[in-house]
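FYI, the numbering just counts along the sequence from 1.
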Amino acid sequence: MSKLLFRLRNVPEDEVDEVLQLLEENNIEVYETSAGNWGISMPALWVQDDAHYEHARELLEHYQTERGQRIRDEYDTLRRTGQAESLYTSFKDQPLRFVFYSILIVAVAYLSISIFFGF
C-alpha cells in the first residue's frame, strides 16, 4: 500500500524537482498526485513500497534541513548587500500600489473595529 511522503501544495517547483531527483538517485519509487482540475485534491508524492518509506522520510528530513539553511544563507547575503525585499524597496518600486494597499488596510481595520467602539 502507498504511503504519503510529501505534500506539494504551495511548494516551489524547484523544490519539487530537487526532491524528485533525490528520491530517484536513491532508487525510491514514488508517484505524484495533482491538485486536480479544480485544485481541491491534495497534490503529493507517495512512496509505492512501504519498505522504502522510512529511508525516504530520513532523506527528506535531511534535505529540508539543508534547504532551509541554504535559503536562510541566501537571504542573509541579499540583506547584507541591500538587495533583499523590504518595506522601503516595495514603496520605492511601486509607490502608488503601496499607498493604495495601505489605505485599504486602514479602511478595513476601521470598518472592523468601528462596530465595537461606535465611531
Please name all residues satisfying side chain to side chain contact (heavy atoms under 4.5 Å, CB included) with N10, sequence neighbours left out, ordered by chain then number. none
Under the side chain to side chain contact (heavy atoms under 4.5 Å, CB included) test, which residues partner Y31, sequence neighbours left out? S2, T33, W46, Q48
Which salt bridge (Lys or Arg N to Asp or Glu O under 4.0 Å) pairs, counting each pair once, include a residue from residues 91-101, with sequence neighbours left out? none
How many angstroms lie between atom CZ of F98 and atom OG1 of T89, to the nearest 0.5 angstrom? 10.0 Å
Does any pair with a residue in residues 13-24 pass salt bridge (Lys or Arg N to Asp or Glu O under 4.0 Å), and if so which ones, sequence neighbours excluded? D14-R67, E15-R67, E18-R67, E18-R70
Just jot down the side chain to side chain donor-acceptor pair (under 3.5 Å) partners of E58, sequence neighbours excluded, or say none. none
Taking transitive links into account, so neighbours of neighbours count too, which hydrophobic residues share a cluster with L104 at under 4.5 Å side-chain distance? F100, Y101
Kindly give the cluster partners of W38, where membership spreads through any ILVMFWY side chain lying under 4.5 Å from a current member. I40
Verify the cluster assignment for Y110 and V108: are they in a single hydrophobic cluster under the rule of side-chain heavy atoms below 4.5 Å apart? no
Gap separating the NZ atom of K3 from the CG atom of D49, nearest 0.5 angstrom: 10.5 Å
Residues that E25 engages under side chain to side chain donor-acceptor pair (under 3.5 Å), provided they are two or more places apart: Q21
Other than L20, what residues sit in its cluster of Ile, Leu, Val, Met, Phe, Trp and Tyr side chains whose heavy atoms are under 4.5 Å apart, directly or through others? L5, F6, L8, V11, V16, V19, L22, L23, I28, V30, L45, V47, Y53, L59, L60, Y63
Which atom of S41 lies closest to which atom of G36, heavy atoms considered: CB-N, 4.4 Å
Suppose clustering is done on Ile, Leu, Val, Met, Phe, Trp and Tyr with side-chain heavy atoms closer than 4.5 Å. Which residues sit in the same group as I105? none
R72: which residues meet the salt bridge (charged side-chain N to carboxylate O under 4.0 Å, His left out) condition with it, sequence neighbours left out? none
What distance separates M42 CE from R9 CZ, expressed to the nearest 0.5 Å? 8.5 Å
I'd like a table of donor-acceptor pairs (distance under 3.5 Å, sequence neighbours excluded) in which one partner is a side-chain atom from residues 74-85, with atom names and distances.
{"unit_1": "T77", "atom_1": "OG1", "unit_2": "D73", "atom_2": "O", "d": "2.9"}
{"unit_1": "T81", "atom_1": "OG1", "unit_2": "T77", "atom_2": "O", "d": "3.1"}
{"unit_1": "T81", "atom_1": "OG1", "unit_2": "L78", "atom_2": "O", "d": "3.1"}

